2 protein chains.
Amino acid sequence: MILSTKGRYGLKAMFELGLHHGTGPVPLKVIAEKQRIPENYLEQLIAILRKAGLVRSVRGAQGGYMLMKQPENITVADVLLTLEGPLAPSECVLESESSSCDNAEKCITRTVWEKILISIHDVIDGMTLQDMIDDHQKINHTEENDQQENQNVKEQEMML
Amino acid sequence: MILSTKGRYGLKAMFELGLHHGTGPVPLKVIAEKQRIPENYLEQLIAILRKAGLVRSVRGAQGGYMLMKQPENITVADVLLTLEGPLAPSECVLESESSSCDNAEKCITRTVWEKILISIHDVIDGMTLQDMIDDHQKINHTEENDQQENQNVKEQEMML
DNA sequence: AGAATACCCGAGTAAATTTGTCAACATTGG
DNA sequence: CCAATGTTGACAAATTTACTCGGGTATTCT
Ligand code: FES
Ligand code: FES
């Protein structure tokens, strides 16, 4: 398994915030309950997201968290990279440390890691919270008005 | 970082075996030295690969390891999945346990993990050891002589 | 003002995983 | 036989994960 609970919980939490976007702050307890995340743990995760500028907080009674930007301007990559760090399969495909491996120019496995990295980023860079919300709406009730470009949905059953 | 050293060392080792394919068994010590892998550790890894039917061993003096199949019939996925287990970003996209998550109908993050999984498999299923060997030959021919300071940062930009 | 609500922060920690190391043994070639 | 090499299982340090806990601070409601 690739991701830790940080990334998984974090994306769930951000999605939950996206659902309530524009309707005031959402208390941590609500996020934790709805997405079934240990509240004390989520506290830590959302602190990271806050410091990264993805969410902002409102203190005091009736406070909570809200998205800092519009859901269409927050990508899955923003969330996952913030919480998990680089999703590179190996050190040598990180920008930070390009000289960690000794014979990088001859190491052919490096090109494998690069291709995996690019492939992952194709997915997570190209998907925003708004895309997730749209998918969710479409699944929950498939009537409604909106007829816009079907960009990436491929009608796979989401079970149940 | 996604992969552990198991997968990284393992793919290096398999690549090394691919280079020597058809020329008799390669001792563990040679693989370890050429790919700079702790020999005692590689011992464990190659045992896994042997049990998975990817390599076979020749005991005794002048013994060593060799690929069980042709390099073009061994994919990167074969190696990585053997050593790392499923590369799924989350439990819920494993065939083994599809009902592990309780409210899968509301969970839109699952589709994200599915897309990442598919994307990774597009890469690793479609690449064989022979592909890696071919790439290696090509690189050695083009920059045969000198060891230049290469900036691979350019390739990072491609992933957008 | 005072109480309730809710974020903020740093410590601690048990369990799991990773990344090896080591020793004894089995097999083969010369 | 002897040396080279694979086979196996045990052990363990270091790191990471996935939390828990306790006190502190800011804000709002009455
Ligand atoms: S593993 Fe990093 S360059 Fe080969
Ligand atoms: S995380 Fe598994 S279904 Fe949502």
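In what follows, chains are A, B, ... by sequence order, proteins preceding strands, each numbered from 1. Since the model is a prediction, treat every value here as computed from it, not as a measurement.
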Colleague: Using a 4.0 Å heavy-atom cut-off across all strands, classify A:Ile46 as base, sugar-phosphate, or nothing.
Modeller: nothing
Colleague: Please evaluate residues B:Glu39 and B:Glu43 with respect to the criterion side chain to side chain contact (heavy atoms under 4.5 Å, CB included), reporting the C-alpha separation (whole Å), side-chain torsions for both, the decisive distance (0.1 Å), and the verdict.
Modeller: CA-CA 6 Å; B:Glu39 186 178 342; B:Glu43 207 169 55; 5.8 Å; no
Colleague: Send over the distance from A:Ile31 CD1 to C:dT5 P, rounded to a whole Å.
Modeller: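 Roughly 18 Å, once rounded to whole Å.
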Colleague: Kindly work out whether a path of hydrophobic side-chain contacts (I/L/V/M/F/W/Y, heavy atoms less than 4.5 Å apart) joins B:Ile139 to B:Met132.
Modeller: yes
Colleague: What is the distance, rounded to the nearest whole Å, between atom CD1 of B:Ile2 and atom P of D:dT17?
Modeller: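 That distance rounds to 13 Å.
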Colleague: Measure the distance from CD on A:Glu91 to P on D:dT15 and round it to the nearest whole Å.
Modeller: 13 Å
Colleague: Over how many whole Å does the gap from B:Glu39 atom CD to C:dC22 atom C1' extend?
Modeller: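 That distance rounds to 13 Å.
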Colleague: Working note: B:Glu33 + B:Lys29, criterion salt bridge (Lys or Arg N to Asp or Glu O under 4.0 Å); need CA distance, chi angles, decisive distance, verdict.
Modeller: CA-CA 6 Å; B:Glu33 281 173 358; B:Lys29 196 169 73 175; 5.2 Å; no
Colleague: Once hydrogens and angles are ignored, does a donor-acceptor distance under 3.5 Å link the base of C:dC8 to the side chain of A:Glu43?
Modeller: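 Yes.
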Colleague: For residues A:Met66 and A:Val58, report the shortest heavy-atom separation together with the two atoms involved.
Modeller: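 Result for this residue pair: CE-CG2, 4.3 Å.
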Colleague: Is the shortest side-chain heavy-atom distance between B:Ile133 and B:Leu19 below 4.5 Å?
Modeller: yes
Colleague: Using atom CG of B:Leu49 as one end and atom C1' of D:dG6 as the other, report the distance to the nearest whole Å.
Modeller: 15 Å
Colleague: Looking just at side-chain N and O atoms, do B:Asp122 and B:Ser119 make a donor-acceptor pair shorter than 3.5 Å?
Modeller: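 No, no side-chain donor-acceptor pair sits under 3.5 Å.
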Colleague: Spell out, yes or no, whether B:Met1 and B:Ile124 are grouped together once hydrophobic residues are joined by side-chain heavy atoms under 4.5 Å, including indirect joins.
Modeller: no
Colleague: Could you go through the side chain to side chain contact (heavy atoms under 4.5 Å, CB included) check for A:Arg50 and A:Val55 one step at a time?
Modeller: CA-CA 5 Å; A:Arg50 184 174 52 82; A:Val55 304; 3.9 Å; yes
Colleague: Can you tell me the distance, in whole Å, between the NZ atom of A:Lys29 and the C1' atom of C:dT5?
Modeller: 9 Å
Colleague: Assign a letter to each nucleotide of nucleotides 11-20 of chain C from its 5' end: B, base within under 4.0 Å of a protein heavy atom; S, sugar-phosphate only; -, no contact.
Modeller: B-------BB
Colleague: Name every residue in residues 52-68 of chain B that has at least one heavy atom under 4.0 Å from any atom of DNA chain D, in order of residue number, or write none if there are no such residues.
Modeller: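 Nucleic-acid contacts, sorted: B:Ser57, B:Val58, B:Arg59, B:Gly60, B:Ala61, B:Gln62, B:Gly63, B:Gly64, B:Tyr65.
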Colleague: From CG of A:Leu45 over to C1' of D:dT17, roughly how many Å is that when rounded to an integer?
Modeller: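 A:Leu45 atom CG is separated from D:dT17 atom C1' by 11 Å.
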Colleague: Working note: A:Arg110 + A:Glu114, criterion salt bridge (Lys or Arg N to Asp or Glu O under 4.0 Å); need CA distance, chi angles, decisive distance, verdict.
Modeller: CA-CA 6 Å; A:Arg110 191 174 188 278; A:Glu114 279 171 356; 2.5 Å; yes
Colleague: Quick check: do A:Leu81 and A:Leu87 have side-chain heavy atoms less than 4.5 Å from each other?
Modeller: yes
Colleague: Given Watson-Crick or G-U pairs with both distances under 3.5 Å, what dot-bracket string fits DNA chain C, with | for other-strand pairs and [ ] for crossing?
Modeller: ||||||||||||||||||||||||||||||
Colleague: A:Ile48 versus A:Gln44: any side-chain heavy-atom pair under 4.5 Å?
Modeller: no
